[in-house]
Asks: 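Just passing along the structure, written as structure tokens.
Note that the structure is predicted; figures quoted are calculated from it, not measured.
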Amino acid sequence: MTLEEYNSFCDGLGQTEHVVQWGGSHVWKIGNKVFAIGTPDGEQLAACTFKVRPISFHILKEQPGCQGAPYLASRGMKWIQRFSDETLSDEDLKEYLTESFRLIGNALSKKKQHKLGLID
């Protein structure tokens with residue numbers, strides 16, 4: 001996946017914010033909370049970090065091309081870093097990014113969810 005494709009996909013999820021921080025990482029947020037971190041290598045996406053459900057974490061962390069996200073997983077958080085497409089294709093990655101967006105959005109206060117249009 002290219003960096004442009006990654007950024008375009010995350011932008012298309014709606015109500016998102018994009019910042020470049022942490023040494024050039026492309027960070028996507030909803031309600032000021034991170035749901036995806038893309039590490040570029042030129043125009044390509046070298047790695048992508050995202051939140052997952054506990055069962056997905058335990059499965060993915062052992063798969064080729066994936067690992068528990070540095071810094072986050074070591075603190076007990078269920079975040080995966082995909083650094084190659086050996087296990088997760090770009091289409092699979094998009095599904096996990098969408099799920100990360102939902103997980104983070106659902107953890108926001110009801111007031112913030114309503115303000116962002118996530119609930120009625």
Side-chain angles (χ1 to χ4, degrees):
M1 178 179 289
T2 67
L3 184 60
E4 183 179 338
E5 290 168 336
Y6 161 77
N7 283 330
S8 178
F9 181 79
C10 290
D11 186 43
L13 292 172
Q15 301 302 327
T16 57
E17 309 159 45
H18 174 245
V19 295
V20 177
Q21 60 187 64
W22 302 325
S25 293
H26 287 249
V27 179
W28 285 90
K29 302 178 182 185
I30 179 168
N32 215 26
K33 300 288 183 184
V34 175
F35 73 90
I37 305 166
T39 305
D41 181 10
E43 293 183 10
Q44 294 299 310
L45 187 63
C48 185
T49 302
F50 49 92
K51 183 174 179 63
V52 294
R53 296 180 184 278
I55 189 71
S56 296
F57 177 80
H58 291 294
I59 294 168
L60 290 174
K61 72 179 182 170
E62 303 297 331
Q63 301 303 308
C66 293
Q67 64 182 4
Y71 308 109
L72 298 169
S74 65
R75 294 182 176 140
M77 298 179 199
K78 305 301 184 226
W79 286 71
I80 289 290
Q81 183 178 68
R82 178 225 193 205
F83 54 88
S84 81
D85 62 2
E86 291 177 77
T87 297
L88 293 181
S89 68
D90 288 349
E91 288 307 309
D92 292 335
L93 176 59
K94 289 177 182 178
E95 289 181 30
Y96 278 105
L97 289 171
T98 301
E99 180 67 8
S100 182
F101 173 85
R102 284 188 199 127
L103 289 169
I104 298 299
N106 288 341
L108 298 172
S109 69
K110 295 296 180 193
K111 182 177 179 179
K112 194 169 270 193
Q113 288 180 33
H114 182 72
K115 182 178 178 183
L116 293 169
L118 300 175
I119 59 173
D120 294 329

Asks: Roughly how far, to the nearest 0.5 Å, is CG of Leu93 from OG of Ser100?
Replies: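 Ser100 OG to Leu93 CG: 10.0 Å, rounded to 0.5 Å.
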Asks: Apply side chain to side chain donor-acceptor pair (under 3.5 Å) to the pair Thr2 and Glu4, showing each step before the final yes or no.
Replies: CA-CA 5 Å; Thr2 67; Glu4 183 179 338; 5.6 Å; no
Asks: With no hydrogens and no angle check, is any side-chain donor or acceptor of Glu17 less than 3.5 Å from a backbone partner on Asn32?
Replies: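 Checking the backbone N and O of Asn32 against the side chain of Glu17, a donor-acceptor pair under 3.5 Å is found.
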Asks: Once the angle between the rings of Tyr6 and Trp28 is folded into 0 to 90°, is it parallel (under 30°), tilted (30 to 60°) or perpendicular (over 60°)?
Replies: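 Because their plane-to-plane angle is over 60°, the rings of Tyr6 and Trp28 count as perpendicular.
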Asks: Rounded to the nearest 0.5 Å, what separates atom CE in Met1 from atom CD in Glu5?
Replies: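 It comes to 6.5 Å.
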Asks: Is it true that a side-chain atom of Gln44 and a backbone atom of Pro40 form a donor plus acceptor pair closer than 3.5 Å?
Replies: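 Checked: no pair found.
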Asks: Who passes salt bridge (Lys or Arg N to Asp or Glu O under 4.0 Å) against Glu91, sequence neighbours left out?
Replies: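 Scan of Glu91 (salt bridge (Lys or Arg N to Asp or Glu O under 4.0 Å), adjacent residues dropped) gives Lys94.
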Asks: With respect to Tyr96, which candidate in Phe50, Trp79, Phe9 satisfies the ring-ring contact (aromatic ring centres under 6.0 Å, His included) definition?
Replies: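 The single option meeting the ring-ring contact (aromatic ring centres under 6.0 Å, His included) with Tyr96 is Phe50.
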Asks: Quick one: side chain to side chain contact (heavy atoms under 4.5 Å, CB included) partners of Asp85, sequence neighbours excluded?
Replies: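 Counting only residues at least two positions away or on another chain, Asp85 forms a side chain to side chain contact (heavy atoms under 4.5 Å, CB included) with Arg82.
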Asks: Quick one: side chain to side chain contact (heavy atoms under 4.5 Å, CB included) partners of Lys110, sequence neighbours excluded?
Replies: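 Side chain to side chain contact (heavy atoms under 4.5 Å, CB included) check on Lys110 returns Gln113, Ile119.
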Asks: Keeping Asp11 on the side-chain end and Asn7 on the backbone end, is there a donor-acceptor pair under 3.5 Å?
Replies: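 No: the side chain of Asp11 does not pair with the backbone of Asn7.
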Asks: Counting distance only, does the side-chain N/O of Thr16 pair as donor-acceptor with the main-chain N or O of Lys29 below 3.5 Å?
Replies: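 Side chain of Thr16 to backbone of Lys29: no pair is present.
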